[in-house]
Q: 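Handing you a structure now.
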Amino acid sequence: MIVEVDSRDPLPPYEQIRRQILALVASGELPAGARLPTIRQLAGDLGVAPNTAARAYRELEGVGVLSSRRRHGTSVTAEARERALALLGRASTALPSASPGLDPAAREYVGHALRLGLTLEEALDAVRGNWERGPEA
């Protein structure tokens, strides 16, 4: 699981972790049944307090994306992907592409945006801003 905390990001660390886990679940990189690191392991890896990691996990448990059981750890629930997609404001059904030549680049961009924990609207805002500046900016 690739999650990062950016100290320059105005979002609190627990929210950065929460969004990135949601994005990983929504993208399928964290499938149902996948086990997540322990709270202590995640906190140590990210350099945050254990309570910060615990809050992210707790909030994701509250919406049914994660499930924690003593001695079994924390894992992704069976219905997590649908819930993550709903929370991130995306539909789970894919529509046919109007421009198949752009699909590989679009998939790469979407994957990068999801790893950063961006919402669909934030990713579209980045595209709009770059569109207005043009390819040479």
Q: Minimum heavy-atom separation for V76 to P31, with atom names?
A: CB-O, 3.4 Å
Q: Does this structure show an ion pair linking E15 with R19, if we count only N-O contacts that are shorter than 4.0 Å?
A: yes
Q: Any idea which heavy atoms bring D125 and R128 closest together, and the distance?
A: OD1-NH1, 3.1 Å
Q: Where is the tightest heavy-atom contact between A23 and L114, given as atom of each residue plus distance?
A: CB-O, 2.7 Å
Q: Distance from S67 atom OG to L60 atom CG, nearest 0.5 Å?
A: 12.0 Å
Q: Which heavy-atom pair separates Y14 from A56 by the least distance, and what is that distance?
A: O-CB, 3.5 Å
Q: Go through the steps to decide whether T77 and L66 satisfy the test side-chain contact (heavy atoms from CB on, under 4.5 Å), and finish with yes or no.
A: CA-CA 5 Å; T77 64; L66 299 181; 5.5 Å; no
Q: Measure the shortest side-chain to side-chain distance between R83 and V63 over non-hydrogen atoms and say whether it is less than 4.5 angstrom.
A: no
Q: Less than 3.5 Å apart, which donor and acceptor atoms pair up between the side chains of residues 32-46 and the rest of the protein, not counting sequence neighbours?
A:
| residue | atom | partner | partner atom | Å |
| --- | --- | --- | --- | --- |
| R35 | NE | H72 | O | 3.4 |
| R35 | NH2 | H72 | O | 3.1 |
| T38 | OG1 | Q41 | N | 3.0 |
| Q41 | NE2 | D45 | OD1 | 2.7 |
| Q41 | NE2 | D45 | OD2 | 3.1 |

Q: Nearest 0.5 Å please: distance from the CZ atom of R58 over to the OG atom of S68.
A: 10.5 Å
Q: Rounded at 0.5 Å granularity, tell me how far CD1 in I17 sits from CG in L22.
A: 12.5 Å
Q: Let's go through N51 and R55 carefully: what are the C-alpha distance in whole Å and the side-chain angles of both, what is the deciding distance for side-chain contact (heavy atoms from CB on, under 4.5 Å) to 0.1 Å, and is it a yes or a no?
A: CA-CA 6 Å; N51 284 341; R55 181 169 179 185; over 6 Å; no
Q: Counting neighbours of CD on E4 that are heavy atoms of other residues, nucleotides or ligands and sit closer than 6.0 Å, is the number greater than 12?
A: no
Q: Quick one: CG on L87 to CD on E82, what's the gap to the nearest 0.5 Å?
A: 11.5 Å
Q: What heavy-atom pair brings A26 and L88 nearest, and what distance separates the two atoms?
A: CB-CD1, 3.8 Å
Q: Kindly compute the distance separating CD (E29) from CD1 (I21), expressed to the nearest 0.5 Å.
A: 12.5 Å
Q: Which pair of heavy atoms, one from Q16 and one from D9, lies closest together, and at what distance?
A: NE2-CB, 3.4 Å
Q: Start with the C-alpha distance between L124 and T119, add both sets of side-chain angles, then the distance that settles side-chain contact (heavy atoms from CB on, under 4.5 Å), and finish with yes or no.
A: CA-CA 9 Å; L124 290 174; T119 64; over 6 Å; no
